[in-house]
Colleague: 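Before anything else, here's the structure in question.
If you're wondering where the values come from, they're calculated on a predicted model, not measured in any experiment. Ligands are counted one by one from 1 in listed order, and the atoms in each one are counted from 1 as well.
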Amino acid sequence: MGIDQNDAVAEALRRLVSDSFATRLWQRDASLWPEPSPGGDPASNTLGWLDLPMRLSMLGQQFADLNSQLVADGFTDVVVLGMGGSSMTPLALSNLFEDSIANGSSRIRLHALDTVNPTTVSKITENLDLSKTLVFVSSKSGTTIEPLTLESHFRAAMESSPSSSMNRKNFVALTDPDTPLSERARAGEFGTWVATPEDVGGRFSALCAFGMMPAAATGINVRLFAESAARMAQRCSVDSEENPGLALGAFMASNALDGRDKVTLITSSEYSMFGAWVDQLLAESTGKNGKGLIPVTGEPVLKLDDFDSDRQFIVFKTGEDTDRLSHAIFALRSSDHPVFVIEPQSADKHEIAGEFFRWQIATAAASSLMDIYPFDQPDVESAKVKSRELLTDLRTAIDSVDLNEALAETTIHRAPKYVAITAFLPESEELTAAFADLRKAISQKTGMATTFGYGPRYLHSTGQLYKGGPQNAIVLGFVSGIYDHLAVPDESYTFGQLTEAQAGGDFMVMAEGGQKVLPVKLGVDPAAELSTATQQLIE
Ligand SMILES: O=P(O)(O)OC[C@H]1O[C@H](O)[C@H](O)[C@@H](O)[C@@H]1O
């Protein structure tokens, strides 16, 4: 591990150690943070995640035969319907273990569906043999609109599929013991229900059933996760400057307090969705009351000149392109940017479990140093309320601006402002690449950092930060002018209308809160439109 021992970082780390942060954290000492926002869960109800590494080997045993049973029962695919904390870990793992899943060693593919975009929903449904698909309905609260509407969709699709009669055993519920979803599970609507721990919040739930059961279903070795997580928990439990969670937390907080609040994570490509996982953890935990760490992940490769002095860098040095990462570390350090290097103990991908835990400890520690309560998300609800209102009046259209105008307006700004790109569009490699080019062009022209997230995924992640954190973002909010007409069963609206209402609701709330929001409507070929505009920006 390497850390730029500038004075402030060293001092912050010493403070955590001398204040016995680690001991007090394990003793569940709520005085480490300020009080939650009104209605937020108190710390005493939210620290159950500290026990998860030690419980993981038991969970591994519980799920040890799951994959072979599913294979024997003829299943070929697992789909997780969930948002934020309930889907981020399966999403990161499906990306990271893609090769072993694709080469057939597990014989079950893993898909995390965290969108209501009608094009994506239709596409994934068409590509699956539903009779051979196990559907996880994953929701801690059991009330989140996306997994519930998607569940209705999959139940209806199974009923109408000629090859399959609807089967309860195809549906698994992951939810807390006392939720509307668990009630339906008790009433027999699901083949399996696993009760999730009530004292573990969504973004801290990677190592419980939300993350681990879909992983086990797809053949990923949870026993190896348990070993990695237990090792990291051990190292993170001591009041010492060697504690890897405290070191990372001190680095992030002291740099942010020094004006470097853009936490830029550089990883090799197979860890790109781990970046999205970090987005949720940092943004929802710290982005509130006008403060926050701003995670910049999945950023295209930039030149040193394109980084302003609002940046701090964390390089996750493992995976396929460690040479590129070593080069980046050297170059960034040579130009006096603060760099923290994380090097997992081995290159084995199962080390990711320990990394989940390191980042959770680091987030708890950084929040304490920044005087932020990390276990609530007070501003997520406001956008949900507004989108429900919009769903009752479907005539309200989003006022959009022309793409070139929006970019012209964006590029007059400079750091420490940043550009938050949100896209309520069907996720694809081509589109993600087009947005990456746009991000690069913006940073090259202005020196501003950019963030990027598909909607509604970001609503359950960076959305909290955009609404509750520093009000210095320029939000480019992309929507489609043409959403497919895919009905939500038993509702008066379609998935397209739901998507539009979620976008419109969030844009309104962000603008009311003080962010500069520029909604842009794209047509049939969004990637091509973006490429043309990016080209014009460069010229
Ligand atoms: O698991 P659920 O209750 O469905 O919640 C899913 C997500 O919803 C909200 O947006 C919260 O801000 C997230 O922290 C949470 O992970």
Side-chain angles (χ1 to χ4, degrees), residues 36-37 39-41 45-46 48-49 80-92 112-116 135-152 172-185 193-214 276-288 292 295 356 360 363 367 373-388 422 453-469 498 502 505-506 509-510:
S37 299
D41 257 336
N45 289 356
T46 57
W49 56 273
V80 177
L81 313 179
M83 301 308 295
S86 299
S87 58
M88 270 302 167
T89 305
L91 197 62
L113 190 57
D114 61 346
T115 181
V116 287
V135 179
F136 281 81
V137 183
S138 295
S139 174
K140 180 174 173 60
S141 62
T143 57
T144 303
I145 192 164
E146 293 93 339
L148 296 180
T149 48
L150 289 167
E151 181 197 352
S152 310
V172 178
L174 296 184
T175 188
D176 279 5
D178 195 14
T179 69
L181 188 55
S182 67
E183 248 171 63
R184 291 204 282 118
W193 165 40
V194 174
T196 43
E198 279 180 296
D199 57 356
V200 178
R203 56 192 174 273
F204 289 85
S205 69
L207 303 177
C208 76
F210 280 122
M212 297 297 108
M213 192 173 173
W277 184 93
V278 168
D279 277 348
Q280 192 207 9
L281 181 67
L282 293 188
E284 279 206 334
S285 302
T286 68
K288 56 198 75 160
F356 289 143
Q360 289 166 343
T363 302
S367 301
Y373 180 73
F375 306 114
D376 63 359
Q377 49 285 330
D379 301 285
V380 171
E381 188 57 26
S382 51
K384 293 185 186 172
V385 170
K386 187 60 89 183
S387 74
R388 278 198 293 271
T422 74
Y454 283 102
R457 177 182 299 148
Y458 85 88
L459 294 177
H460 304 266
S461 165
T462 45
Q464 165 60 38
L465 168 80
Y466 298 158
K467 291 182 281 291
L498 175 57
Q502 289 188 314
D506 198 48
V509 177
M510 284 193 285

Colleague: Indicate yes or no for a side-chain donor-acceptor contact from K288 to the backbone of D376 under 3.5 Å, with no hydrogens or angles considered.
Modeller: yes

Colleague: Return a yes/no value for G85: is any of its N or O atoms, backbone included, closer than 3.5 angstrom to an N or O of ligand 1?
Modeller: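 There is such a contact, yes.
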
Colleague: Of all the atoms in ligand 1, which lie at a distance below 4.0 Å from a heavy atom belonging to T144?
Modeller: 2 (P), 3 (O), 4 (O), 5 (O)

Colleague: Go through ligand 1 atom by atom and flag the ones less than 4.0 Å from a non-hydrogen atom of Q280.
Modeller: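 Listed by number with element, the hits are 13 (C), 14 (O), 16 (O).
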
Colleague: Is it the case that the side chains of W193 and T175 hold a donor-acceptor pair, with the cut-off being a distance below 3.5 Å and no angle test?
Modeller: no

Colleague: Atom 8 (O) of ligand 1: which protein heavy atom is closest, and how many Å away?
Modeller: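 Protein heavy atom with the smallest distance to atom 8 (O) of ligand 1: H460 ND1, 3.2 Å.
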
Colleague: Return yes when Q464 approaches ligand 1 closer than 4.0 angstrom through a heavy atom, no otherwise.
Modeller: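 Flag not set, Q464 not near ligand 1.
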
Colleague: Within the 4.0 Å heavy-atom shell around S86, which atoms of ligand 1 are there?
Modeller: 1 (O), 2 (P)

Colleague: Below 4.0 angstrom from a heavy atom of S141, which ligand 1 atoms are there? Numbered from 1 as shown, please.
Modeller: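 In order of number, 2 (P), 3 (O), 4 (O).
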
Colleague: Return the closest protein heavy atom for atom 6 (C) of ligand 1 as residue, atom name and distance.
Modeller: M83 O, 3.2 Å

Colleague: With heavy atoms under 4.0 Å as the rule, classify the contact between Q377 and ligand 1 as side chain, backbone, both or neither.
Modeller: side chain

Colleague: For atom 11 (C) of ligand 1, which candidate among E284, R203, E146 provides the closest heavy atom?
Modeller: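 It is E284 whose heavy atom sits nearest to atom 11 (C) of ligand 1.
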
Colleague: Give a yes or no on whether the backbone of Q502 and the side-chain of S387 come within a donor-acceptor separation of less than 3.5 Å.
Modeller: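 Flag not set: sc S387 to bb Q502 has no pair under 3.5 Å.
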
Colleague: Backbone N or O of V200 within a donor-acceptor pair of the K140 side chain at under 3.5 Å?
Modeller: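 A pair under 3.5 Å: yes.
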
Colleague: Is it true that a side-chain atom of T46 and a backbone atom of D199 form a donor plus acceptor pair closer than 3.5 Å?
Modeller: no

Colleague: Would you call E381 and K467 a salt bridge, taking side-chain N to carboxylate O under 4.0 Å as the test?
Modeller: no

Colleague: Is there a donor in the side chain of Y466 and an acceptor in the side chain of D506, or the other way round, less than 3.5 Å apart?
Modeller: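 On atom types as modelled, these side chains do not qualify, holding no pair under 3.5 Å.
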
Colleague: Which atoms of ligand 1 sit under 4.0 Å from any heavy atom of G84?
Modeller: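 The list of qualifying atoms is 16 (O).
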
Colleague: Which ligand 1 atoms does V380 reach within 4.0 Å, using its non-hydrogen atoms?
Modeller: 10 (O), 12 (O)

Colleague: If we ignore hydrogens and angles and just use 3.5 Å, is the side chain of Q464 paired with the main-chain N or O of S285 as donor and acceptor?
Modeller: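 Side chain of Q464 to backbone of S285: no pair is present.
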
Colleague: Output, in order, the C-alpha distance, side-chain angles, deciding distance and verdict of side chain to side chain contact (heavy atoms under 4.5 Å, CB included) for W277 and L91.
Modeller: CA-CA 8 Å; W277 184 93; L91 197 62; over 6 Å; no

Colleague: May I ask you to check if ligand 1 and S138 share an N or O to N or O distance below 3.5 Å?
Modeller: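 In this structure, S138 places no N or O atom under 3.5 Å from an N or O of ligand 1.
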
